[in-house]
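What follows is a set of notes on a single structure, which appears directly below.
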Amino acid sequence: MGIAPSPIQIDSRVTDFIAKPRKMLIDGKWVNAVSGKTFPTYNPATGEVLAQVAEGDRADIDLAVKAARKAFDSGPWSRMTASERGKLVWKLADLLEEHMEEFATLETLDNGKPLTVARAADVPLAVDLFRYMAGWATKLEGTTIPLSVPYTPGAIYHAYTLREPVGVVGQIIPWNFPLLMAAWKLGPALASGCTVVLKPAEQTPLSALRLGELFAEAGFPDGVVNIVPGYGETAGAALAAHDLVDKIAFTGSTEVGKLIVHAATGNLKKVSLELGGKSPNVVFKDADMDAAIAGAASAIFFNHGQCCCAGSRLYVERPAFDRVVEGVASKAKKIKVGSGLDPATHMGPLVSEEQLQRVCNYLEIGMAEGAKAASGGRRIDGKGYFVEPTVLVETKDYMKVVQEEIFGPVVAAIPFDNPEELLTRANDSVYGLAAGIWTHDVSKAHRTAALLRAGTVWINCYNIFDAALPFGGYKQSGWGREMGKDVLNLYTQTKAVCTRL
Ligand code: NAP
Ligand code: MG
């Protein structure tokens, strides 16, 4: 097993779970791939194989979609009351909470993130999301509508709307928050009464597969949730194109998001997308500097920069620029990088060899184009996919490191002189996922928030997530919103019913 020597004893339930090849969940049963193939998932702290997982492909997706179709069209799920559905989702949250330590450990082993972070953020946020969505199951209401039809004078109608589940949903998720992304997708789908085929990322399938076991324990009927691990180009593409899928929900790169849109055209399934970002984090000279510096560091270094909303362009008003750069660089140098299992670790490895290469490649390109590193700038030698937390200065707006999503612990610090110039430069991006503003001036904060083209704006904070707060992108950062009541629009559709009295 590819587990790094670590000061903590790994839970025996986790070692047992990864010791056996993991199967996929279709129609309530754990099955091998039709092809019999498996693929490895790696421990990014060591680069060694962590577990073998059934490799889903078109044939498995087809079986899973048919199971979800049957469960939606004629299974016990379709006859359940909203309250019964809500209770099941709540029960799932309880079970997840009971197994908090096990899930946090699986997440750390498969993804690399510090166990302290998985315990404090990933698992509790997933629990909270399921509970929040459980409450919505009983509150998806239509409206009654007064009609005044001009061509039937004198006629009286009783008209109302129903909010109905959209049907069978395909969900494709990334590796950066494997369990939490599964929760963001599954919670609203199940609260709305949809059935699901979920494809986790090839790099991090384990927590979703363990979650799959809890669905049966919670009492969900067979076929309501199907989980098919596999590769994006095969299993993912087959799911996005399947004619019996009514909706596809995707989180990942903007590039693959565009492929999903194309794949969905066959049956014009509904599509929602949560994609990349290159989010501006803006520090005005009147900000609380200690808070802004700490906030700017965590905006980019949290989850090793592998966040779609990472504050990767740090705009600082010129008089404060040197102080903020020094402050963030000094914090970067103090970050302890190491195995996520070590309680002293602040930052673990990147998720994969491929991601390490991608980040290192951007660092090389940035330096070749003239950027300088105020801290970091290199891979950390040895086993595992570790890279130094990096602050780049002397960048130009046209550089790739300023324009493109790196998805690693690399921030470009950029001075600005006035608010108009700042807004033009901050909005000069194909992305529009998130933004941060640091200032004591309330009026300036809200004026700037209104003018930033981003789906989320954090003022004097960053990376604050709540199940009730909608999250999603402007521009090429996506279609639709996750979380909050907004997300329920993606999983329900409106039926208008009109009766002549
Ligand atoms: P990705 O390729 O977009 O992967 C996201 C999910 O889509 C994975 O489950 C992936 O499967 C699947 N997928 C890949 N190709 C597909 C296809 N043709 N049809 C259907 N599904 C497909 O992202 P990545 O390669 O993991 O990371 C690349 C870059 O994407 C990152 O560096 C970052 O810029 C961005 N990204 C953004 C987010 C976000 O939250 N917005 C998250 C992750 C990555 P497999 O992984 O199993 O192949
Ligand atoms: Mg892995």
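Note that the numbering runs from 1 along the sequence shown for the chain. Every number for a ligand or one of its atoms is a count from 1 in the order of the listing.
From the protein, the heavy atom lying nearest to atom 24 (P) of ligand 1 is W175 NE1, 3.6 Å. Among protein heavy atoms, atom 1 (P) of ligand 1 sits closest to S253 OG, 3.6 Å. G232 CA, 3.6 Å is the protein heavy atom nearest to atom 14 (C) of ligand 1. The single protein non-hydrogen atom nearest to atom 39 (C) of ligand 1 is C308 CB, 3.3 Å, given as residue, atom name and distance. The protein heavy-atom contact nearest to atom 18 (N) of ligand 1 is L259 CD1, 3.6 Å. P174 CB, 3.4 Å is the protein heavy atom nearest to atom 43 (C) of ligand 1. The shortest contact between atom 48 (O) of ligand 1 and any protein heavy atom is with E202 OE1, 2.5 Å. For atom 9 (O) of ligand 1, the nearest protein heavy atom (residue, atom name, distance) is I173 O, 2.8 Å.
With no hydrogens or angles considered, no side-chain donor-acceptor pair links D110 and W175 at under 3.5 Å. Between the side chains of T204 and N111, no donor-acceptor pair is found at a separation under 3.5 Å. Between the side chains of K331 and S298, no donor-acceptor pair of N or O atoms lies under 3.5 Å.
Residue Q203 touches ligand 1 through its side chain alone, judged by heavy-atom distances below 4.0 Å. Contact annotation: for R358 versus ligand 1, heavy atoms closer than 4.0 Å belong to the side chain alone. Under 4.0 Å from ligand 1, not a single heavy atom of A240 appears.
Where the criterion is an N or O separation shorter than 3.5 Å, residue side chain and backbone included, G252 meets it with respect to ligand 1. Ligand 1 has no nitrogen or oxygen under 3.5 angstrom from a nitrogen or oxygen of G236.
With respect to the salt-bridge test (charged N to carboxylate O, under 4.0 angstrom), the residues K70 and D27 qualify. Salt bridge present: K66 and D62 bring a charged side-chain N and a carboxylate O closer than 4.0 Å. One finds a salt bridge joining K383 and E48 here, because a Lys/Arg side-chain nitrogen approaches an Asp/Glu carboxylate oxygen to under 4.0 Å. Between R22 and E213 there is a salt bridge, since a side-chain N of the basic residue sits under 4.0 Å from a carboxylate O of the acidic one.
Residue Q171 comes nearest to V196 through the heavy atom pair OE1-CG1, 3.2 Å, listed as atom of the first residue, atom of the second, then distance. Across D246 and V166, no two heavy atoms sit closer than the pair CB-O, 3.4 Å.
Atom numbering of ligand 1 starts at 1 in the shown order; those under 4.0 Å from a heavy atom of G230 are 47 (O). Listed by number with element, the atoms of ligand 1 under 4.0 Å from a non-hydrogen atom of I172 are 6 (C), 7 (O), 9 (O), 12 (C), 20 (C), 21 (N). Residue A237 approaches ligand 1 through these ligand atoms, each under 4.0 Å from one of its heavy atoms: 19 (N), 20 (C).
Under the 3.5 Å distance criterion, the side-chain polar atoms of K278 are matched with a main-chain donor or acceptor of V401. In this structure, T254 contributes its side chain and Q476 its backbone to a donor-acceptor pair below 3.5 Å.
Cation-pi geometry between K400 and Y362 is not met: the NZ or CZ atom fails to fall both under 6.0 Å from the ring centre and inside 45° of the normal.
At a cut-off of 2.8 Å, S352 does not coordinate the Mg ion (ligand 2) through any N, O or S atom. Among the atoms of Y42, an N, O or S atom is found under 2.8 Å from the Mg ion (ligand 2).
With atom 5 (C) of ligand 1 as the reference point, the heavy atom nearest to it among L239, T251, I406 is part of T251. Evaluated by nearest non-hydrogen atom to atom 31 (C) of ligand 1, the leading choice among F39, F250, F407 is F407. For atom 16 (C) of ligand 1, the candidate residues are V359, V351, V256, L275; the nearest heavy-atom contact is made by V256. Looking at E55, K199, Q355, Q306 and measuring to atom 47 (O) of ligand 1, the nearest heavy atom belongs to K199.
Aromatic rings of F177 and W184 (six-membered ring for Trp) have centroids beyond the 6.0 Å cut-off, not under it.
Put simply, the angle at the Mg ion (ligand 2) from O in Q203 to OD1 in D110 is close to 90°, to the nearest 10°.
The aromatic rings of Y462 and W458 are tilted relative to each other, their planes meeting at an angle between 30° and 60°.
Contact analysis leaves A235 out of contact with ligand 1, as no non-hydrogen atom separation drops below 4.0 angstrom.
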